[in-house]
Number of protein chains: 2
Amino acid sequence: MKATIYDVAREAGVSIAAVSQVMNGKGKISEERRAEILKTMERLNYQPSVIASALTGKKTFTLGLLVPDISNPFFAEIARAVEDQGHHLGYSLVICSTDNKDERVERYLNLLQQKSIDGMIIGTGMDNKEMLTPLMKQGIPIAMIAREMPDIGVHTVVVDDCVGGALAAKHLLDLGHTRVAILAEHAKVISSRERVRGFRNTLEEAGVVLPDSGVRNCHYTVEDGKRQAIALLEESAAVRPTALFCCNDMLAIGALQAAKQLGLKVPEQLSVIGFDNTILASVTDPPLTTVAQPIEPMGKKVVDLLIQELKKESKLKQRVVLRPELMIRQSTASPGDMH
Amino acid sequence: MKATIYDVAREAGVSIAAVSQVMNGKGKISEERRAEILKTMERLNYQPSVIASALTGKKTFTLGLLVPDISNPFFAEIARAVEDQGHHLGYSLVICSTDNKDERVERYLNLLQQKSIDGMIIGTGMDNKEMLTPLMKQGIPIAMIAREMPDIGVHTVVVDDCVGGALAAKHLLDLGHTRVAILAEHAKVISSRERVRGFRNTLEEAGVVLPDSGVRNCHYTVEDGKRQAIALLEESAAVRPTALFCCNDMLAIGALQAAKQLGLKVPEQLSVIGFDNTILASVTDPPLTTVAQPIEPMGKKVVDLLIQELKKESKLKQRVVLRPELMIRQSTASPGDMH
DNA sequence: TTGAAAGCGATACCAA
DNA sequence: TTGGTATCGCTTTCAA
């Protein structure tokens with residue numbers, strides 16, 4: 001059916017060892033033999049089996065990527081960035097949506113291990129970090145992206161969430177907002193907590209206090225963002241927040257919808273600022289001001305770190321923190337601004 | 001390092017054949033031996049190597065998915081649907097973004113072949129269909145989703161594009177529109193052509209003619225949609241179209257932005273209708289009326305067809321056409337309607 | 001029932 | 001330079 005190394009060897013009248021050598025560019029082969037072998041490989045349309053070579057200890061050139069949900073634009077964009085750099089370096093990507101369920105994480109981790117992937121990129125949270133130890137014990141490199149698990153000794157690439165929060169706060173402060181509130185993610189998500197912290201600190205430094213009641217934890221859905229935003233905004237104009245900082249774009253969209261439902265004009269009566277800068281932020285009306293994560297560089301970096309480790313070029317684990325950037329669009333303005 | 005079948009056999013005091021048999025539930029093994037082996041597998045935390053078993057002719061339990069761009073919401077949603085059903089049946093998914101470039105398609109096809117994937121799901125177009133023959137000759141099942149290549153004998157799952165176009169037309173007709181235009185995709189995309197055809201036919205049956213100048217082919221970007229929409233709308237109110245049918249949600253968003261820039265109110269002065277019903281359609285303002293593709297069922301179906309074929313349960317190739325559904329949101333209304 | 005042994009396709013060491 | 005051969009981990013006859 002398919003040509004194997006044996007077929008090539010036979011046709012070229014050489015040993016399989018010779019064929020293997022020209023494939024790997026190792027050993028000594030005379031130019032003529034080499035050319036001859038190359039030619040037969042061509043003629044037979046020979047495609048070496050990655051499976052077979054992996055069995056002899058070589059790599060599978062396949063990486064695993066764990067994310068909560070590949071259909072979520074943020075993770076889809078992460079996946080694309082990871083895929084591109086992986087492909088560039090000769091690796092394929094197996095994607096796994098975990099729905100943030102530990103059982104799915106575990107199942108995938110096992111599965112990919114059995115399939116001998118060369119490395120694992122994790123962009124999903126997990127409650128039980130023990131799940132990673134089998135992988136680590138087996139020497140499969142791990143790298144995290146957009147999530148972190150301190151005290152677990154793996155490469156990590158994240159955005160500086162605290163600075164991101166600060167950037168958002170500063171922007172609102174500059175516009176003159178003093179009554180602000182936050183739509184945060186679940187309290188166990190470290191990055192969300194950091195964003196809130198950065199936001200809050202900056203506010204406080206400016207003498208603006210943010211009451212605890214002004215921070216609402218939401219599920220990762222537009223609907224919940226909308227619901228929580230409504231709860232926050234259903235007050236008289238005198239006390240109602242004039243600006244909402246949302247820890248991701250989905251929640252910000254929920255906030256936009258809440259404002260619309262309540263008849264509040266954005267940005268005139270309410271400023272909304274998101275986080276991530278996914279494609280969603282650019283299609284809303286008004287376009288969303290948001291804190292951008294440098295998704296592409298992040299994806300490139302995790303792959304680089306991971307592959308560096310699996311090639312044993314470096315042993316030390318890195319934690320790379322990239323700087324977020326404020327994307328000012330049209331969902332923010334000075335309070336009461338009727339521009 | 002890692003336990004192999006030999007370790008298990010030795011520890012359990014049996015032959016590797018016995019271990020293999022209990023793993024595959026084949027052959028005859030006494031209950032005691034079986035239990036004993038199971039126990040040692042557990043104790044050693046034995047994970048069979050998919051690589052090794054694939055080498056002996058078994059499957060890799062891995063499927064490939066080719067799409068133009070995984071960061072595009074439509075394909076990300078397709079990927080999720082495919083992943084779910086694959087996972088359900090025990091298969092992992094390797095994703096590949098082709099950017100609609102034949103060279104990338106070819107590269108990925110080769111790569112995945114070398115990695116011995118069990119089947120290939122194609123959701124990207126390609127100019128040169130010859131690229132598939134190596135795969136087919138090697139007996140790797142292929143199935144297409146959301147795209148088709150007639151005369152190539154592979155499973156295909158698509159939405160009825162023609163009906164989708166008709167649905168859109170009927171909706172606009174019902175609302176009373178008579179001056180309409182279309183933002184289509186590239187002319188070589190069959191599904192887009194079909195959508196246009198269904199739309200046009202329905203219009204004509206109602207006695208409404210759509211001049212060729214009212215159909216503009218666009219690139220797959222919001223920007224191009226916007227540009228082409230502006231070209232279409234920059235006419236006096238008396239002749240300007242009152243409704244735009246866009247062959248995908250991205251283009252519809254471009255149309256929405258064009259309307260905004262030109263100061264046209266949607267839906268009062270311009271109705272916009274999209275296609276796909278991706279998450280984007282639900283976050284725009286106003287929310288987009290769009291023709292929904294049943295993405296989840298489509299994903300499930302391709303996987304089922306593919307796996308059915310690779311299990312040799314059935315030989316005949318199927319072409320499954322699912323029915324689209326009109327999702328009426330708020331971007332469409334009667335012309336001149338000031339509701 | 002159970003196990004010895006022959007592959008699967010490639011790598012790599014060691015003689016020749 | 002070359003080629004013979006053991007090996008990777010597992011499946012699958014075929015004898016015993």
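Treat the numbers as computed from the prediction; the structure is a model and nothing was measured. Numbered from 1 within each chain, the chains take letters A, B, ... in sequence-line order.
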>> The side chain of B:I29 is closest to which nucleotide in this list: C:dT2, D:dG4, C:dG3?
In response: C:dT2

> What is the distance from atom CZ of B:F75 to atom CD1 of B:I95, rounded to the nearest 0.5 Å?
Replying inline: 13.0 Å

> So what is the end-to-end bend of the helix from C:dT1-D:dA16 to C:dA16-D:dT1, with 5 pairs used at each end and the value given to 10 degrees?
Replying inline: 50°

> Using a cut-off of 4.0 Å between protein heavy atoms and nucleotide atoms, how would you tag nucleotides 8-16 of chain D 5' to 3' with B, S and -?
Replying inline: BBBBB----

> Just one of A:V303, A:I117, A:L65 clears the side-chain contact (heavy atoms from CB on, under 4.5 Å) bar with A:L93, so which one?
Replying inline: A:L65

> Taking B:D99 for the side chain and B:K101 for the main chain, is one N or O donor matched with an acceptor at less than 3.5 Å?
Replying inline: no

> C:dG3 phosphate, OP1 or OP2: any side-chain N/O from B:R33 under 4.0 angstrom?
Replying inline: yes

>> Keeping A:K115 on the side-chain end and B:F61 on the backbone end, is there a donor-acceptor pair under 3.5 Å?
In response: yes

>> With a 4.0 Å cut-off on N to O distance, would you call B:D84 and A:R104 a salt bridge?
In response: yes

>> Between P on D:dG3 and CD1 on A:I37, what's the gap in Å once rounded to a whole number?
In response: 8 Å

>> Between A:D118 and A:K311 (salt bridge meaning N to carboxylate O under 4.0 Å), is one present in this structure?
In response: no

>> Check this for me: B:E11, atom CD, are more than 12 non-hydrogen atoms of other residues, nucleotides or ligands nearer than 6.0 Å?
In response: yes

> Does B:K301 come within less than 4.0 Å of B:D304, counting only side-chain N to carboxylate O?
Replying inline: no

> Taking atom C1' of C:dG9 as reference, at what distance in whole Å does atom CZ of A:R10 sit?
Replying inline: 13 Å

